[in-house]
Amino acid sequence: DCGDERLFYSRLCSKAENGEVRVFDFAGLFSQEEKEELEEEALRLREELKAEFIVLTVDETRGHTAQEMADEYYFSHGYEKSFDEDGAVV
C-alpha cells in the first residue's frame, strides 16, 4: 500500500505503480542507456530464472540497513507475488 507509513521513502512508492519497472535509480547513478540495459537484463533474468530482479539505488537510508531497504521495497510493492517470494534487490 503506497499510503503505508512504514515505507522508508514515500517517493519510492509512485515509481513502482506500473509493476513492470525493475530499475529504480533514486540516487541518479545511471544514465538512461544504462537504466535501459539494466531493465533488459532484469527482465531476461526474470524469465530465465523465474524470479524477480530489482535494481534499487537511494541516496540516503535514514539509518536503515541495505537489507531492510531492499526487503521493504520488494514486499511493499508486491514483487514477491510473482514467483513465491523468489527474487533479489541489488
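L38 and F26 sit in two unconnected hydrophobic clusters of ILVMFWY residues. Membership requires side-chain heavy atoms under 4.5 Å apart, directly or through other members. Cluster annotation: V58 and F75 are assigned to the same hydrophobic cluster (Ile/Leu/Val/Met/Phe/Trp/Tyr, side-chain heavy-atom contacts under 4.5 Å, transitive).
In this structure A70 satisfies the side-chain contact (heavy atoms from CB on, under 4.5 Å) test together with V89, sequence neighbours excluded. By the side chain to side chain donor-acceptor pair (under 3.5 Å) test, Q67 is found to be paired with D71, residues two or more places apart in sequence or in another chain being considered. Judged as a side chain to side chain donor-acceptor pair (under 3.5 Å), and not counting sequence neighbours, the contacts of E41 are R44. Scored by the side-chain contact (heavy atoms from CB on, under 4.5 Å) test, A51 finds F53, D86 as partners (sequence neighbours excluded).
Scanning both residues, L56 and M69, for their nearest heavy atoms gives CD2-O, 4.3 Å. A27 and T57 get closest at one heavy-atom pair: N-OG1, 3.2 Å. In this structure, D25 and F30 approach most closely via the heavy-atom pair OD2-N, 2.8 Å.
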Evaluate the criterion side chain to side chain contact (heavy atoms under 4.5 Å, CB included) for residue pair V55 and F24; output intermediate values, then yes/no. CA-CA 6 Å; V55 176; F24 302 92; over 6 Å; no
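With a 4.5 Å cut-off on side-chain heavy atoms, R22 and E52 count as touching.
Residue pairs meeting the salt bridge (charged side-chain N to carboxylate O under 4.0 Å, His left out) criterion with at least one member in residues 28-40: none, sequence neighbours excluded.
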